Amino acid sequence: VIPGWFSEMSPMWPGEAHSLKVEKVLFQGKSDYQDVIVFQSATYGKVLVLDGVIQLTERDECAYQEMITHLPLSSIPNPKKVLVIGGGDGGVLREVARHASVEQIDMCEIDKMVVDVSKQFFPDVAIGFEDPRVNLVIGDGVAYLKNAAEGSYDAVIVDSSDPIGPAKELFEKPFFQSVARALRPGGVVCTQAESLWLHMDIIEDIVSNCREIFKGSVNYAWTSVPTYPSGVIGFMLCSTEGPDVDFKHPVNPIDDSSSKSYGPLKFYNAEIHSAAFCLPSFAKKVIESK
Ligand SMILES: NCCCCCc1nc2ccccc2[nH]1
């Protein structure tokens, strides 16, 4: 490692590494599940790293948190009960909390150290934990969903790290089946779905599993996040059989009263919502043919 530089290397993106200049290491720990590092970068604010992989930076976390949350929640008219799997930084909770129609936000995060570190070093992200509608469970999302009552959620958001490490099972068919069971008819799920530049094979498998399991609509969306590998990350948007969901045309705008508590949205808007579903030809071929 060049003195003062952090380079993000993984078998999931061989031969390439995005680097950030390190001002100061603020935290280093090892939880029951993974290595946890927080460092102050020179130009992206504070950075959270799990097992050597960048999970969020203060500068661009808005893009990921706003898109993974508002792509599903703005696609259904009146979300009331929402489940978040992963996302222990609290950023998705902050974005879900902007929706006044939401009455209950359940979260299942496996690693308590991620929650504690986020509260200590990323207060503007962890602010999501303060919303009174939030019920936090520290545990395995796979088990949580197995025990969830059938048809009990309007929306599920799977804010996972990559399928190497604790999040591995969140990319497998049984988990998607348990999500479908926990959703009401016409309910929606949005999952972290990697990069179309790097992971078309993983995406192909996820799409074919989702088409078998979710009998409503199945779409892939993507957005720009400079500090994720290849500078983009994708999302699977699926709905269960029932009332139609057209993910490409948002029906549920966010009331800007939420800006009072969390500040204005920095990234998401209705146009970028629709644009997120426009795919390059090499991806369309794979995703729309499955
Ligand atoms: N290589 C892409 C990684 C995407 C990570 C998305 C993400 N960011 C997170 C922050 C805290 C906890 C879980 C998280 N999942």
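For ligands, and for the atoms within them, numbers begin at 1 and follow the listed sequence. All values reported here derive from a predicted model rather than from experimental measurement.
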Those residues at least two apart in sequence (or on a different chain) that pass side-chain hydrogen bond (donor to acceptor under 3.5 Å, both in side chains) with Gln104 are Asp106
Considering all heavy atoms, the nearest Asp159-Ile68 contact
CA-CD1, 4.1 Å
Kindly say whether Leu20 contributes a backbone atom to a donor-acceptor pair with the side chain of Ser41 at under 3.5 angstrom?
no
Can you say whether the rings of Tyr228 and Tyr64 are parallel (under 30°), tilted (30 to 60°) or perpendicular (over 60°)?
perpendicular
Does anything in residues 79-98 pair up under side-chain hydrogen bond (donor to acceptor under 3.5 Å, both in side chains), and if so which pairs, sequence neighbours excluded?
Glu61-Arg94, Gln65-Asp89, His70-Glu95, Glu95-Arg98, Arg98-Ser258
Can you pull out every side-chain hydrogen bond (donor to acceptor under 3.5 Å, both in side chains) where at least one residue sits in residues 269-279? Sequence neighbours excluded, please.
Tyr268-His273
Ligand 1: protein N/O within less than 3.5 Å of ligand N/O:
residue	atom	partner	partner atom	Å
ligand 1	1 (N)	Asp162	OD1	3.2
ligand 1	1 (N)	Asp162	OD2	2.8
ligand 1	8 (N)	Gln55	O	3.1
ligand 1	15 (N)	Gln55	OE1	3.4
ligand 1	15 (N)	Asp159	OD1	3.0
ligand 1	15 (N)	Ser160	O	3.3

